[in-house]
Amino acid sequence: MKKVIIFDLDETLTETRSPITDETAELVGELLKKHQVCVISGGQFSQFEKQLLANLKIDKKYLSSLHLMPTCGTRYFKYAANNGTWQLVYAENFTDEQKKTIIEAMEASIDEVGYRVSNPKGPLIEDRGSQVTYSALGQDAGPAEKKAWDSSGQKKLKIRNVIAPKIPQFEVRVGGTTSIDITKKGIDKAYGMKKLMKILGVTKKEMLFIGDRLGEGGNDYPVKAMGIDCVAVGGYEQTPSVIRDILTTIPQ
């Protein structure tokens, strides 16, 4: 029996950097009444607030069943019912020196591959505390623009393969539509799942993960590789159907 349902955020629960639809929000609310639900993503907590929490219309008593893991599980937030706030439980933060090393490698690699845009929409490199993220068009570029920039995924992979040898002491992964995520070595979404297993006292067999990048090299792949059952979606539009199937076929 599946006790914990886990979702990626961008292009799984929501369109990239966009609010969750009313339909999906309502279905997630129904899931929270029956299961523990976790959302894990490369984005920082502020993106979870904008994309998920702001449109999640549900009695606050059910938020105790929601687990938020920003920056690929390097951080974990839990709802505190006593004061109605989201509390940071742990964070695998970089030191200032580590951040400096990573950013210098990113800057050099962007120029080396020749993909630096002249008019980025928002910062190209973002310090997320426990993760440093490069977004090829800038953090604030629109979903359609991002999807068009690298529809095959080869540009991101090329950048990743240039950065990784420069900083082998860190984990360098292809992230979202136009992003590269860097965390401490050995920390990825599988790390987040292992932490969640300990927190909730569940096994891999009791977990189900839904994501859009489950292929080898995708940032959801580590979850699949560790043996958790997964459902692949081709975009956020397919997720409501998946949730309906879970609600009707998986017992509480």
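Counting begins at 1 with the first residue of the sequence. Hydrogens, waters and symmetry mates play no part in the numbers below; they use all other heavy atoms, side chains included.
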With the 4.5 Å side-chain cut-off for hydrophobic clustering, are [X] and [Y] part of the same group?
| X | Y | value |
| --- | --- | --- |
| Tyr79 | Ile199 | no |
| Ile246 | Leu200 | no |
| Val223 | Val233 | no |
| Leu53 | Ile40 | no |
| Leu13 | Phe77 | yes |

Within the side chain of [X], is there an N or O that forms a donor-acceptor pair under 3.5 Å with the backbone of [Y]?
| X | Y | answer |
| --- | --- | --- |
| Ser179 | Gly176 | yes |
| Ser151 | Ala148 | no |
| Ser109 | Ile159 | no |
| Lys78 | Val89 | no |
| Glu104 | Thr101 | no |
| Asn55 | Pro19 | no |
| Lys147 | Thr178 | no |

| request: Check each of Glu126, Glu49, Arg75 against Gln44 using the side-chain hydrogen bond (donor to acceptor under 3.5 Å, both in side chains) test, and report the only one that passes. | output: Glu126
| Any chance the rings of Phe94 and Phe170 have centres within less than 6.0 Å? | yes
| message | Between Asp188 and Asn219, is there a side-chain donor-acceptor contact under 3.5 Å, judged purely by atom types and distance? | response | no
Indicate yes or no: does [X] engage [Y] in a salt bridge with an N to O separation below 4.0 Å.
| X | Y | value |
| --- | --- | --- |
| Lys146 | Glu15 | no |
| Arg116 | Glu107 | yes |
| Arg173 | Asp181 | no |
| Glu11 | Arg213 | no |
| Glu112 | Lys166 | yes |

| message | Ring of Tyr90, cation from Lys195 - is the NZ or CZ under 6.0 Å from the centre and inside 45° of the axis? | response | yes
| note | In this structure, CD1 of Ile180 is separated from CD of Gln131 (nearest 0.5 Å) by 11.0 Å
| query | Pick one: which of Ile125, Ile102, Ile182 meets side chain to side chain contact (heavy atoms under 4.5 Å, CB included) with Tyr134? | reply | Ile125
| Should the ring pair His67 and Tyr76 be called parallel, tilted or perpendicular, given that the plane angle runs from 0 to 90° and is split at 30 and 60? | parallel
